[in-house]
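Take a look at the structure set out below.
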Amino acid sequence: MTHRLDIDFARAEGAVLRLIGLVERKGFEVCAIDMAETGEGPARLSLSVTARDAGRRIEVLSRHVEKVYGVTAVHRHEIHSPYLERAS
Amino acid sequence: MTAFSPRPDAAAAPALMTGAAAVVRALEDAGTDTIFGYPGGAIMPVYDALPGSKIRHVLVRHEQAAALAADAYARVTGKAGVCLATSGPGATNLVTGIANAFMDSVPLIAITGQTPTPLMGTDAFQEIDTFGITLPITKHSFVVRDAADIPAVFAEAFALATSGRPGPVLIDLPKDVTQASFPAHPYAGDAGKSGAPLPSQAMIEHAMALIEQSERPVLYIGGGVGIARAEAALRSFQARTSIPAVATLKGLGAIPTDHPDFLGMLGMHGTRAANHAVHDSDLLICTGARFDDRATGKLDTFAPGAKIIHIDADASEISKLRNADAPLAGDMAAILDALQPAAPAIKVWRETCRTNAVKWAMDYDAPGKGVFAPALLKAISERAGDKFIAACDVGQHQMWVAQHCRFSRPQAHLTSAGLGTMGYGIPAGIGALFAEPDSTVVTVTGDGSIMMNIHELATLIRYRVPLKIVLLDNAQLGMVRQWQELFFEENFSEIDLYDNPDFAELARSFGLEAFTIDRRDEVDGAIDRLLAAKGPILMHVRIDPKENVWPLVPPGASNADMMEA
């Protein structure tokens, strides 16, 4: 199962690195990355992720990402794409 | 150049301040009275600005000790501990201490020098990507690129380090930034802590209903109680509900360990009474704990019949490993105070737990004439009284301290729990004594651990730190030896420390008082001498190399299946 996390965060040095590193360390593979800046406001990082093993829960990952300083919102979506889904 | 240089037309323009002076001012404004550090090239401007400050700087002999001492200082005081190092190897030497603080949720400010900004990224002398290296082990990090940002950055760093779930914050200071001047201005922003919202009244009432309906509840206490300084609220909750309690390694002391309802530490080296109570419980009230594997054993066999109330300041810990029937995230003391259930009808359960605690109490009547470490440690903690603080290293001795010492408060037990850092003991003892000079601080260490930061004996002498070091010497890496004996078919590999130095002589060469014992009949007099010492002292104790830590839950096993001697 692939999920997309849309993460709204305050732009700061190292912020993107910290978020991607956290996702990887919590046992999820980053399959796709997109980033947009919305003028003066927060940036949005969209990560498509899949769990590396069955014990990893996306809701747990979301809570860890929400906790990162500078993150203002995390939106979670299930996605189905022949390019992103891995064979089980 | 002076740190603070008024311009000739001072009446018309603000005075200039260097970045370094701003760092010192910001630390003073944050209430810092002590920092632990070691100078070097990139951080030199800050060291140039320190003399004359109200801040006391403690010069250690290795930057790792600076971070570990600051960590212990923070655990005892509740304030952020501060450590200071130069760039490159100075910063990388802080990494273990920063990771230690991260794993145990300790508020720490790690300040590092950095090469000047034009040289960053050019592989300059003593340049290292400190920010990148510490990303996974910090709550947040700053690279300051404009001296004028220093007041706000430091205010924000201190607020972050100490709020919510505390943790380490890195501030990397390029040398040109600390040397630059800017118009001095007081920080007028609001970097104050935000209060955590309370759970809903409906969830509070749901939790109270679970408590009232329970027949075999257990209070599972973790390090979060001490971190939140919520032990008064916890004790009040326990007193009005009379629920039996168990604690993790870091939760020890939240309920006094000699309380009649306290069953001991749970988990891998926990008491049989604690582990069986949890296993048989129908309600687990998890307070500031995180279902760590050392505490739970095989997770799917942990408290198999229990509903879970989980109280924690960090919402991301709740239901991370075990689903909570009543998740209560927020201010721990406020939540505990809000929980006012009718006392559950658990008289029989309480009696069962107390009977088991007596039946399975530790036996101090060991055979032979050698020193029995558990009995020694128990005696030291009891005779030292309520001023006792144990600063532990890592190994068998660490578990014996947790099992056998008496703790009256969480701050009395300083132990590297999450990271398990050998070498923590002496720097932690230093930090604790700078935090509470009137306490009786005893570092308990082993012959493996003490060598990792033995150079800090020099720091004890430099500052006349009256640390009492109890060195349990079995000439082995004892915990590794025990595991090789039990789980690797006695295939002993690289655990024999046959070539240890004469530790008492080594300590004396640094200037400490030191002595050695190896017989049981020497113990009483040795404890007298240890506790009476006015300056730093090392008590070197030779113990049986074959002594193991019992009981033990084997890896992958249920906490109900404990091995005994």
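This structure is a prediction, so every number in the text was calculated from the model and none was measured. Chain naming here is simple, since letters A, B, ... match the order of the sequence lines and numbering starts at 1 in each.
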### Query
Under 3.5 Å, is there a donor-acceptor pair between the B:S319 and A:R57 side chains?
no
### Message
For B:F142, give me all partners under ring pair (Phe, Tyr, Trp, His ring centres under 6.0 Å), at least two apart in sequence or on another chain.
### Response
B:H140
#### Entry: Gap between atom CD of A:E59 and atom NZ of B:K320 - 0.5 Å precision
14.0 Å
### Task
Rounded to the nearest 0.5 Å, what's the gap from CZ on A:R25 to CG on B:L135? Could you check?
7.5 Å
### Message
Let's go through A:R63 and B:I318 carefully: what are the C-alpha distance in whole Å and the side-chain angles of both, what is the deciding distance for side-chain contact (heavy atoms from CB on, under 4.5 Å) to 0.1 Å, and is it a yes or a no?
### Response
CA-CA 10 Å; A:R63 283 202 293 273; B:I318 296 177; 5.8 Å; no
#### Entry: Closest approach of A:K67 to B:D314 (non-hydrogen atoms, all atoms of both residues)
NZ-OD2, 2.6 Å
